[in-house]
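One structure is given below, encoded as structure tokens.
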Number of protein chains: 2
Amino acid sequence: MVETQSRRAQILASAAELFARKGVGATTVREIADSVGVLSGSLYHHFESKDAIVDEVLGDYLDALRARYAEAVARGTNAADCVRQLVLASLEVAEQQPFATAIYQNELHYLREQPRFKQVQTAAAAVQKTWLAVIEAGVANGEFRSDIEPRVFYRLIRDALWLSVRWHRPNGDYPTTTLAEDVTSVFLDGYTARRKSAARSRTGSTPKRAVKR
Amino acid sequence: MVETQSRRAQILASAAELFARKGVGATTVREIADSVGVLSGSLYHHFESKDAIVDEVLGDYLDALRARYAEAVARGTNAADCVRQLVLASLEVAEQQPFATAIYQNELHYLREQPRFKQVQTAAAAVQKTWLAVIEAGVANGEFRSDIEPRVFYRLIRDALWLSVRWHRPNGDYPTTTLAEDVTSVFLDGYTARRKSAARSRTGSTPKRAVKR
DNA sequence: GTCTATACATCGATAGAC
DNA sequence: GTCTATCGATGTATAGAC
């Protein structure tokens, strides 16, 4: 179960972890090679360059994210539900690819400066467009507030969501689905306690956990 | 007005900008030197090492943040108001020192691995403690919800707040005070429209605006 | 306080043996 | 497919002239 991965996949996985922790610019090809147990020269049998590794890590991640987003908006029944689905989709992809998620959010600004990573730019634009369309539709139909700009709300929820890969380690006690509920609930309902809001209480929302906390 | 800064201050300011944009590890001393118009060797007359520059940039920032946080909690009249004050304090310090803020949030995890930056660790712990104390007090007295862990709420608002330095450029149209109100309002009240909440509506769209919830 | 000049380590990447 | 060996560029940092 430990040697079923191709060397190529091993390199991608190890490199992603290093890029996420230290940053792309501060990670050396020798470190990547060490982490998979080969010498640095051997990496170039599998990849053209260090940038090519970055490209592939982010490309795989963005493909997964876009595919999952398409499902999410298709499933949503209204704006609030679409937000719920997008939150869950983001966190599920982040759970599957935590390191790529971290790289994406840590280095997006820097990568955008380099024409090499144009693919990343266009994918990031598509992600933003998906969110904004949902939020603006919710404002237009009265589901969401109109006194806060959709763009501001998008950026707040996006950053809170993406950064959760830095601290959230999915496990039985606090699974991704529960985090998704908490994020959705805070951003849509707020953290202020409101009396008599039984409709928001968390009874049958998910299969997991009965009362807890 | 352009030469009133000491060379030392120039170096700190330029280095902070580079560290924020490219990452500490990917920024070279030659780039820092170029950006202030000297040769790289000359930097070492002012600083012991590249790490010493990082230390000082972050130290100045964390000192300002802690001082401002002490005022904020002292001013708050209840938990919700303390959150409001902490949000405003964070954004004001971020406005004064946007690059240091970006470095802090971009590289905190990596810097924590190095004993060199122990100062940063302890300051980060103090920041978290301030927030958690406020949030837990609010849960205890019923102001805040008890079905979402204080730690989770803290991390969500912290990340949304800190990351705003990546996109928010304070100006007359959208000043820091307004962003602070928006952040506070989303996190405490939520984004879902609620009927009959005239108290929350934003009549005077831009500067000041009277009602203020 | 800045320069010239350079030491010495490490970087990404390549060539060719095995 | 991995190794040995190494190139040329670039990294941090230092020493001493000016």
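Per chain, numbering begins at 1; letters A, B, ... match sequence-line order.
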Is there a donor and acceptor pair closer than 3.5 Å between the side chain of B:Arg30 and the base of D:dG11? yes

Taking the minimum atom-to-atom distance to the side chain of [X], which one of [options] wins?
{"X": "A:Val38", "options": "C:dC3, D:dC3, D:dA13", "result": "D:dC3"}
{"X": "A:Lys50", "options": "C:dA13, C:dT2, D:dT2", "result": "C:dA13"}
{"X": "B:Ser42", "options": "C:dC3, D:dG11, C:dA13", "result": "C:dC3"}

If the plane angle is over 60° it's perpendicular, under 30° parallel, otherwise tilted; pick one for A:Tyr104 and A:Trp162. tilted

For B:Phe153 and A:Tyr191, take the angle between the two ring planes, folded into 0 to 90°, and tell me which bin it lands in: parallel under 30, tilted 30 to 60, perpendicular over 60. parallel

Is there a side-chain contact between [X] and the phosphate of [N], meaning an N or O under 4.0 Å from OP1 or OP2?
{"X": "A:Tyr44", "N": "C:dT14", "answer": "no"}
{"X": "A:Thr28", "N": "C:dC11", "answer": "yes"}
{"X": "B:Arg8", "N": "C:dG1", "answer": "no"}
{"X": "A:His46", "N": "D:dT2", "answer": "yes"}
{"X": "B:His45", "N": "C:dT2", "answer": "no"}

Without decimals, in angstroms, what is the distance between [X] [atom1] and [N] [atom2]?
{"X": "B:Lys22", "N": "D:dG11", "atom1": "NZ", "atom2": "C1'", "answer": "12 Å"}
{"X": "A:Gln5", "N": "D:dG1", "atom1": "CD", "atom2": "C1'", "answer": "17 Å"}
{"X": "A:Phe47", "N": "D:dG1", "atom1": "CZ", "atom2": "C1'", "answer": "14 Å"}
{"X": "A:Gln10", "N": "D:dG1", "atom1": "CD", "atom2": "P", "answer": "13 Å"}
{"X": "A:Glu31", "N": "C:dT10", "atom1": "CD", "atom2": "C1'", "answer": "11 Å"}
{"X": "A:Asp34", "N": "C:dT10", "atom1": "CG", "atom2": "C1'", "answer": "13 Å"}
{"X": "A:Leu43", "N": "C:dC11", "atom1": "CG", "atom2": "P", "answer": "13 Å"}
{"X": "B:Leu18", "N": "D:dG11", "atom1": "CG", "atom2": "C1'", "answer": "16 Å"}

For the residue pair B:Phe99 and B:Tyr61, is the inter-centroid distance of their aromatic rings smaller than 6.0 Å? no

For B:Glu113, is there an ion pair with A:Arg21 - N to carboxylate O distance below 4.0 angstrom? yes

Taking everything shown except B:Arg151 itself, do over 12 heavy atoms lie less than 6.0 Å from its CZ? no

